[in-house]
Amino acid sequence: MMLTGVAGNALAMLLVSRSYRAKGSRRKRSFLLCIGSLALTDMLGQLLTSPIVISVYLSGRPWAAMDPSGRLCDFFGFSMTVFGLCPLLIASAMAVERALAIRAPHWYASHMSPRATERGLAAIWAAGVAFALLPLAGLGRYALQWPGTWCFISTAGGSAFAAAFAALGLLSLVVTGACNLATIEALVSRCRAKAGAAQPGSRWGRIATETLLQLLGIMCVLSACWAPLLVTMLRMVSEPLAGPCRGWQRWEPRRECNLPLTAVRLASLNQILDPWVYLLLRRILLRKCRQAASAVSHCSNATECRDRDRDRALTLSQDIGRTAG
């Protein structure tokens, strides 16, 4: 998973850098900056967390033996928080950017610029780092999680820090979904308007279809990967006895301990899927769809031509027969 995610995000950043430098990309530079920053954030998160987990698994030793001071656990929890929250916030920023570009193109053209996008991304990273540093001020803490190979925000005692992380994550999902739905509605309305015109424009239809598929994919992937973890955290914070893995180091954990582990694995999967949903899969999928549509069209045209030629030959032979008779 780590190698796949690093390769996908590195390829996405390479494609973004090439597109950013290409001529005629001025109107897309803000969106390309967001995609590149998302890929960079996901790749850094994988490089800072996955090797630690793999090392602990391979060593077969308890975490306390490898980290008696607890500083590695704090660093791991800090990394999980920063590189979990920042991608959600960047995805929300991208959804807002696309909604403004489609629904308010004049305002977007006059106010949005690559420099403004860079400032916004820097603010998102700064906010993520500041939030993850709150345990240093005594607001929340990071704790070892089942099965003892990773650390994250502690939900013991109704942690307000854990509740704030889950609330911010769910708010980001809601903003992303609302903006994407607004963009989809605007695209559908514009397509209907162009369809009623004398020249609907095949290029506009292709771009609109591409954007619709991409936005739907983004919404499905984000919700499926992040909603289980965020909802699980809220449930564990709100219910006093909802921490089924509390004290798992002292006795055999119950079956419910696997739920947070499965949820965090799904959230980690989002770092692998992000570059494919936002950039790579779009190009490959649409190219394959165009090839398939072209093949079907050629096949249909060839069949129609054969049927037309056969009908003409039959008609001609009947005419010749009547003429001879």
Side-chain angles (χ1 to χ4, degrees), residues 34 37-38 41-42 45 49 77-100 120-121 123-135 139-143 145 150-185 214-245 256 258-274 277-278:
C34 291
S37 63
L38 179 65
T41 304
D42 286 336
T49 57
F78 169 82
S79 300
M80 289 281 290
T81 303
V82 171
F83 297 105
L85 186 61
C86 285
L88 288 171
L89 296 177
I90 293 175
S92 297
M94 294 174 67
V96 172
E97 189 268 347
R98 285 294 87 189
L100 291 175
L121 292 172
I124 288 176
W125 282 323
V129 171
F131 181 84
L133 289 175
L134 287 179
L139 302 176
R141 67 184 183 91
Y142 298 115
Q145 308 290 328
W150 61 292
C151 295
F152 195 44
I153 300 172
S154 174
T155 57
S159 172
F161 183 54
F165 178 86
L168 285 175
L170 289 174
L171 179 62
S172 299
L173 291 180
V174 171
V175 171
T176 303
C179 291
N180 285 342
L181 288 176
T183 305
I184 289 173
E185 189 273 335
Q214 186 185 26
L215 293 177
L216 289 174
I218 291 169
M219 292 169 57
C220 293
V221 169
L222 274 178
S223 301
C225 290
W226 276 105
L229 177 62
L230 299 174
V231 172
T232 300
M233 291 182 67
L234 281 181
R235 184 181 66 85
M236 295 177 69
V237 169
S238 61
E239 299 178 11
L241 299 178
C245 302
E256 290 83 357
N258 291 325
L259 181 59
L261 183 61
T262 303
V264 80
R265 284 173 175 168
L266 283 175
S268 301
L269 187 64
N270 183 74
Q271 296 177 323
I272 299 175
L273 297 177
D274 268 346
V277 173
Y278 280 96

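If you read the sequence from its start, that first residue is 1, and numbering goes on from there.
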- Minimal heavy-atom distance between Ser159 and Ser154, with the atoms involved, is CB-O, 3.1 Å
- Residue pair Pro228 / Thr262, side-chain heavy-atom distance below 4.5 Å: no
- Note on the structure: Residues Ala224 and Leu266: closest non-hydrogen pair is O-CD1, 4.0 Å
- Item | Separation between CG of Leu88 and CH2 of Trp226, rounded to the nearest 0.5 Å | 5.0 Å
- Side chain proximity check, Thr81 to Leu134, heavy atoms < 4.5 angstrom: no
- Return the minimal non-hydrogen interatomic distance between Gln271 and Phe83, and the atom names on each side. NE2-O, 3.7 Å
- Calculate, to the nearest 0.5 Å, the distance between atoms OG1 and CG belonging to Thr176 and Leu222 respectively. 6.0 Å
- Query: Of the non-hydrogen atoms in Phe131 and Phe161, which two are nearest, and what is the gap between them?
  - Reply: O-CE1, 3.3 Å
- Item | side-chain contact (heavy atoms from CB on, under 4.5 Å) between Trp150 and Met80, intermediate numbers included | CA-CA 9 Å; Trp150 61 292; Met80 289 281 290; 4.1 Å; yes
- Minimum-distance pair of heavy atoms, taken over all atoms of Ala99 and Cys179: CB-O, 3.9 Å
- Query: Can you find a pair of side-chain heavy atoms, one from Leu89 and one from Trp125, that are under 4.5 Å apart?
  - Reply: no
- Item | Flag, side chain of Ser79 to backbone of Thr49, donor-acceptor distance under 3.5 Å | no
- Message: Please report the interatomic distance OG1(Thr155) to CZ(Arg235), rounded to the nearest 0.5 Å.
- Response: 9.5 Å
- Looking only at heavy atoms, the pair that brings Gly128 and Val82 closest together is O-CG2, 3.8 Å
- Roughly how far apart are Leu121 CG and Cys34 SG, rounded to 0.5 Å? 5.0 Å
- Task: Take Phe152 and Val264, measure what side-chain contact (heavy atoms from CB on, under 4.5 Å) needs, and give me the verdict at the end.
- Result: CA-CA 10 Å; Phe152 195 44; Val264 80; 5.5 Å; no
- Query: Say you draw a straight line from CG of Leu259 to CE of Met236; how long is it, rounded to the nearest 0.5 Å?
  - Reply: 8.0 Å
- Item | CG-OG1 distance between Leu85 and Thr41, expressed to the nearest 0.5 angstrom | 11.0 Å
